[in-house]
There are 4 protein chains.
Amino acid sequence: MGSPSSASDLPEPAVRRRTGGRAARVRGQVLAAVGELLVEDGCDSLTVDAVAGRAGVHRTTVYRRWRDVGGLLADLLDSAADDSWSPPDTGSLEEDLVALNQEVFDALADGPTLTTVLITASFRFDDAARALSRFWDDRHARSAPVVLRAVARGEAPAATDPRAVLVTATAPLYHELLLLRTAPDPALPRRAARAAAAAARAGALTAHAPAPAPTDADADADG
Amino acid sequence: MGSPSSASDLPEPAVRRRTGGRAARVRGQVLAAVGELLVEDGCDSLTVDAVAGRAGVHRTTVYRRWRDVGGLLADLLDSAADDSWSPPDTGSLEEDLVALNQEVFDALADGPTLTTVLITASFRFDDAARALSRFWDDRHARSAPVVLRAVARGEAPAATDPRAVLVTATAPLYHELLLLRTAPDPALPRRAARAAAAAARAGALTAHAPAPAPTDADADADG
Amino acid sequence: MGSPSSASDLPEPAVRRRTGGRAARVRGQVLAAVGELLVEDGCDSLTVDAVAGRAGVHRTTVYRRWRDVGGLLADLLDSAADDSWSPPDTGSLEEDLVALNQEVFDALADGPTLTTVLITASFRFDDAARALSRFWDDRHARSAPVVLRAVARGEAPAATDPRAVLVTATAPLYHELLLLRTAPDPALPRRAARAAAAAARAGALTAHAPAPAPTDADADADG
Amino acid sequence: MGSPSSASDLPEPAVRRRTGGRAARVRGQVLAAVGELLVEDGCDSLTVDAVAGRAGVHRTTVYRRWRDVGGLLADLLDSAADDSWSPPDTGSLEEDLVALNQEVFDALADGPTLTTVLITASFRFDDAARALSRFWDDRHARSAPVVLRAVARGEAPAATDPRAVLVTATAPLYHELLLLRTAPDPALPRRAARAAAAAARAGALTAHAPAPAPTDADADADG
DNA sequence: CTTTAAGCGAGACGGTACGTCCGGTCTTATT
DNA sequence: AATAAGACCGGACGTACCGTCTCGCTTAAAG
């Protein structure tokens with residue numbers, strides 16, 4: 001599924017008031033400073049003062065355009081929406097999920113990544129939380145073809161819910177690495193992908209179908 | 001899996017210097033104030049000043065015994081470790097997992113629970129993060145029998161990793177409700193439990209076994 | 001002696017740049033806004049931003065023409081120089097002074113008048129201080145006939161200094177109402193006028209004459 | 001009448017919370033810094049930041065104890081109330097008034113004195129204005145004997161109002177030097193004192209007595 | 001039952017960051 | 001090419017909390 005940190009193009013101002021020269025340059029400097037500070041010291045050191053200082057810009061300028069740190073993070077997240085991202089297509093559901101999981105794993109595993117810091121920050125700032133939700137919704141929507149192709153190949157029942165499959169596959173990674181804070185297990189991406197694929201095959205991830213008779217139906221779906 | 005908020009016994013100080021009288025009373029007042037403030041206003045308003053004021057205790061007293069807010073949270077979490085908790089035993093893996101998931105769901109679903117706030121806080125304070133990890137490790141250890149019984153009943157291969165099953169079952173709940181922040185779906189606990197049970201049945205959650213040939217092996221494991 | 005607030009014609013710019021059209025209209029709007037803001041909130045709220053906003057003019061326009069708040073006040077004071085003012089002529093020195101004092105009293109007595117605010121402001125802005133001095137010099141010059149007529153009538157020695165008489169008469173009002181901030185006493189204008197008239201009659205306000213033999217002359221006056 | 005700047009002992013805290021050690025030392029440093037800054041740069045440069053910096057004390061300490069610049073000035077004024085001050089006693093009303101006036105003149109005449117700055121500041125800060133009024137009330141009360149002795153000596157009518165005499169004597173100095181901003185005239189203290197003494201002798205400064213028949217009575221008094 | 005020292009209340013302090021206001025300059029877009 | 005809109009820099013404001021310190025005083029535990 002990737003992470004919000006994979007792009008850094010900062011394409012265009014949200015409100016195109018002044019496209020040229022200083023205004024755009026200032027925005028770029030500030031967002032760059034936000035990113036740098038985040039990876040260096042984490043969320044705690046991300047103060048408006050520090051951002052302004054790093055960006056070589058006055059405090060009031062930051063307040064004028066972003067209101068607070070949450071606004072900065074939201075803008076960074078939105079600007080980091082990498083429009084060119086597309087899901088893998090290996091020809092098998094499980095391998096596709098493994099590839100997606102590996103992307104997530106890489107973004108979370110080694111120490112305090114920009115990704116982990118952004119997620120952490122989303123717990124403190126509503127703006128950032130909303131921006132992060134937007135990012136994930138986008139990634140889920142783009143990744144749906146992975147599941148739809150699997151259904152087309154007969155790897156899963158027709159009613160399989162793409163989003164449920166994706167969440168089932170990736171959730172253990174976030175849970176282990178962010179919440180439980182266990183040491184990164186290189187086998188984790190594949191195991192979680194396999195489990196999600198198996199559950200999908202078993203018809204346990206169909207959309208809104210409360211599964212008539214769980215035990216037998218599952219056995220049938222498998223067989 | 002429950003939540004860290006289910007107990008409030010506050011058993012004893014870690015260092016038993018003065019067990020009786022004022023010292024213990026002060027500790028109880030302070031931890032109670034921490035809990036109240038957390039559920040009222042969330043993690044942001046949990047300042048030492050506010051805690052001291054609410055507890056009717058002087059600021060310096062809090063600093064003297066807990067050092068900072070993280071210490072308060074860690075103490076609260078440790079004191080909230082409900083020693084009497086035990087996992088469900090319905091006779092079927094899936095139903096056991098559903099019961100566990102329902103407990104998690106209830107603790108996370110309705111608004112800013114004490115549980116969600118504690119998890120949020122764990123991102124800001126290392127002490128709290130460690131205490132929370134301890135709590136979850138304890139719950140996973142206690143819940144292992146659920147999987148072991150399932151193995152004994154033949155519902156899953158012998159090599160099935162209890163922890164992996166539990167994480168696979170509960171992770172989607174935390175992911176949806178805490179990270180993705182989607183509206184609570186009452187069907188979610190059962191769906192995630194079914195998916196985890198199906199994956200376990202399919203042998204996708206065996207410990208440290210990299211699963212030689214995914215497709216055929218799974219089919220064999222099912223049959 | 002009146003006050004600088006008695007006129008509101010805003011006749012012409014000090015430097016007659018553009019008498020007609022937009023330029024003059026803008027000047028009128030801005031000076032009017034200055035006056036309004038002064039009487040509403042006093043000197044503290046008289047910011048360039050507020051003036052520009054009230055006048056419906058851009059900030060930079062104000063900076064361009066008046067440089068700062070002091071310039072605005074100076075312009076307002078100069079424009080408020082009421083050319084038609086003339087001193088009373090009742091036929092007696094004391095009654096003339098009473099009339100002058102009454103004018104001052106009315107301008108200072110009831111709450112924060114425009115006059116009091118302008119004087120207050122003159123302590124913060126040199127431009128305004130100079131403009132206020134010009135205003136007072138003008139008033140003293142115009143009021144000199146009051147004393148000269150009294151000398152002609154024989155109410156005071158020939159060497160009597162008109163300015164000293166006027167200052168002696170009005171100073172207690174400013175002192176009481178602005179500096180000592182005592183409650184306005186309706187008897188004050190007359191009492192101060194009587195005192196000044198008495199001093200003039202006694203020859204205590206002669207110009208640059210160090211009073212030849214103070215003791216005997218005074219003793220005579222007493223006896 | 002002197003000035004509020006004539007004492008610098010800073011005798012005791014208004015609220016004697018902590019008399020010894022650091023608290024008292026801090027207060028002294030801060031008030032000293034206020035005085036120094038006032039005489040150096042006037043009222044405009046008297047910011048909390050500057051005071052704290054000069055005093056070698058942190059900003060928040062100043063805010064904690066004095067709230068704002070007005071509070072600082074008020075405390076300085078109160079602490080500068082020189083309890084040992086007493087009016088002159090030369091044996092003659094006029095000479096006493098001359099001495100008083102000379103004190104005022106010296107405090108106001110040469111450039112921006114601490115006195116002039118304090119008065120200026122009182123126009124911006126209510127606290128300082130009140131403290132200044134208290135100071136002047138005190139000085140007027142202490143100076144009353146000057147007039148009472150003159151009455152006892154027969155230099156003025158029994159009903160003479162001491163405060164009116166003092167105000168009449170000193171007001172022209174404040175008016176000329178602070179408001180009209182004329183160049184200091186060394187003859188001014190004596191001339192104003194003579195005028196006030198003459199008015200008192202003439203019975204023009206009696207308390208609350210509306211003066212029965214101004215013209216004739218005055219003529220009698222003169223003649 | 002006394003001592004004694006751990007713990008507490010109280011107040012002040014240095015310090016960081018906040019978010020706001022205003023003054024004054026400078027840049028951009030318009031007309 | 002001039003001007004109006006607006007973004008910027010810089011300084012100060014007043015506040016909230018942090019974490020620390022130094023005093024006395026209480027009081028629980030040990031001798």
Side-chain angles (χ1 to χ4, degrees), chain A residues 17-27 29-30 44-53 55-69 71, chain B residues 13 15-27 30 44-53 55-69, chain C residues 22 26 44-53 57-64 67-70, chain D residues 15 17-18 20-27 30 44-53 56-69 71:
Chain A
R17 295 190 168 185
R18 297 197 167 196
T19 52
R22 187 174 56 176
R25 193 186 67 240
V26 163
R27 179 169 178 265
Q29 288 170 347
V30 169
D44 288 329
S45 79
L46 191 73
T47 71
V48 173
D49 283 335
V51 168
V57 150
H58 200 266
R59 270 162 36 75
T60 49
T61 297
V62 177
Y63 281 112
R64 186 177 324 107
R65 308 228 328 215
W66 287 277
R67 181 153 200 84
D68 61 2
V69 174
Chain B
V15 181
R16 188 182 309 191
R17 296 189 168 187
R18 294 191 170 203
T19 51
R22 185 175 59 177
R25 194 185 67 240
V26 163
R27 179 167 179 265
V30 169
D44 289 328
S45 79
L46 191 73
T47 71
V48 172
D49 282 336
V51 169
V57 151
H58 200 264
R59 272 163 32 79
T60 48
T61 298
V62 177
Y63 279 112
R64 194 161 19 237
R65 306 226 337 208
W66 286 276
R67 180 152 199 85
D68 61 3
V69 174
Chain C
R22 187 175 58 179
V26 163
D44 289 328
S45 79
L46 191 72
T47 71
V48 173
D49 283 335
V51 169
V57 153
H58 198 265
R59 275 161 33 79
T60 47
T61 300
V62 178
Y63 279 113
R64 200 169 7 250
R67 180 151 198 84
D68 62 1
V69 174
Chain D
V15 181
R17 296 189 168 186
R18 297 197 167 195
R22 188 173 55 174
R25 194 186 66 240
V26 164
R27 179 168 179 265
V30 169
D44 288 328
S45 79
L46 192 73
T47 71
V48 173
D49 282 335
V51 169
V57 150
H58 201 268
R59 265 163 37 77
T60 50
T61 296
V62 177
Y63 281 112
R64 191 170 15 249
R65 307 234 321 220
W66 288 277
R67 182 156 198 83
D68 61 2
V69 174

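In what follows, chains are A, B, ... by sequence order, proteins preceding strands, each numbered from 1. Heavy-atom basis, side chains included; hydrogens, waters and symmetry copies ignored.
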| said: Using a 4.0 Å heavy-atom cut-off, does Arg67(A) contact any base of the nucleic acid, only the sugar-phosphate backbone, or nothing at all? | reply: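 Touches sugar-phosphate only.
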| message | For a quick check of understanding: with a heavy-atom distance under 4.0 Å over all strands, which category does Arg59(C) fall into, base, sugar-phosphate or nothing? | response |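 Since a base atom lies under 4.0 Å of Arg59(C), the category is base.
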Integer-rounded Å distance: [N] [atom2] and [X] [atom1]:
{"X": "Arg25(B)", "N": "dG7(E)", "atom1": "CZ", "atom2": "P", "answer": "15 Å"}
{"X": "His58(A)", "N": "dC9(F)", "atom1": "NE2", "atom2": "C1'", "answer": "6 Å"}
{"X": "Gln29(A)", "N": "dC8(F)", "atom1": "CD", "atom2": "P", "answer": "10 Å"}
{"X": "Asp44(A)", "N": "dC18(E)", "atom1": "CG", "atom2": "C1'", "answer": "16 Å"}
{"X": "Tyr63(B)", "N": "dG7(E)", "atom1": "OH", "atom2": "C1'", "answer": "18 Å"}

| said: Quick check: on DNA chain F, is the nucleotide nearest Val48(D) upstream (toward 5') of the one nearest Asp68(B), or the reverse? Name the residue that is more 5'. | reply: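 Here Val48(D) is the residue nearer the 5' end.
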| said: Taking the nucleotide of DNA chain F with the nearest heavy atom to each, does Val69(B) or Thr61(C) sit closer to the 5' end? | reply: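 Of the two residues, Thr61(C) wins.
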| query | Of the nucleotides dC8(E), dT25(E), dA7(F), which has the atom closest to the Arg64(A) side chain? | reply |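 Among the listed nucleotides, the one closest to the side chain of Arg64(A) is dA7(F).
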| Considering only dG7(E), dT20(F), dT25(E), which nucleotide approaches the side chain of Arg65(B) most closely? |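 From the listed options, dG7(E) comes nearest.
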| message | What's the angle between the local helix axes at either end of the helix from dC1(E)-dG31(F) to dT31(E)-dA1(F), using five pairs per end and rounding to 10 degrees? | response |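 Axis angle across the helix from dC1(E)-dG31(F) to dT31(E)-dA1(F), nearest 10°: 30°.
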| message | Quick check on DNA chain E: between Gly56(D) and Thr47(A), whose nearest nucleotide comes earlier from the 5' end? | response |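 Taking each residue's closest nucleotide, the earlier one in sequence belongs to Gly56(D).
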| task | Using heavy atoms to find the nearest nucleotide of DNA chain E for Asp49(C) and Thr60(D) separately, return the residue whose nucleotide is more 5′. | result |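 Here Thr60(D) is the residue nearer the 5' end.
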| query | Got a sec, which residues hit side-chain hydrogen bond (donor to acceptor under 3.5 Å, both in side chains) with Ser45(C), two or more places apart in sequence or on another chain? | reply |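 With neighbours one apart ignored, the set is empty.
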| query | Excluding sequence neighbours, so at least two apart, what forms side-chain hydrogen bond (donor to acceptor under 3.5 Å, both in side chains) with Arg65(D)? | reply |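 side-chain hydrogen bond (donor to acceptor under 3.5 Å, both in side chains) list for Arg65(D), sorted by chain: empty.
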| field | For Arg67(D), all residues meeting side chain to side chain contact (heavy atoms under 4.5 Å, CB included), sequence neighbours excluded | value |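 Checked Arg67(D) against side chain to side chain contact (heavy atoms under 4.5 Å, CB included); zero matches.
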| Test salt bridge (charged side-chain N to carboxylate O under 4.0 Å, His left out) applied to Arg64(B) - qualifying residues, sequence neighbours left out |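 Listed in chain order: nothing, the list is empty.
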| salt bridge (charged side-chain N to carboxylate O under 4.0 Å, His left out) involving Asp44(B) - partner list, sequence neighbours excluded |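 Counting only residues at least two positions away or on another chain, Asp44(B) forms a salt bridge (charged side-chain N to carboxylate O under 4.0 Å, His left out) with Arg124(B).
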| task | Provide the closest heavy-atom pair for Asp49(A) versus Arg59(A) in the form atom of the first, atom of the second, distance. | result |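 The pair with the smallest heavy-atom distance is OD1-CD, 2.5 Å.
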| message | Quick one, Thr47(B) with Val69(B), criterion side chain to side chain contact (heavy atoms under 4.5 Å, CB included). Give me CA distance, side-chain angles, the key distance, then yes/no. | response | CA-CA 7 Å; Thr47(B) 71; Val69(B) 174; 5.7 Å; no
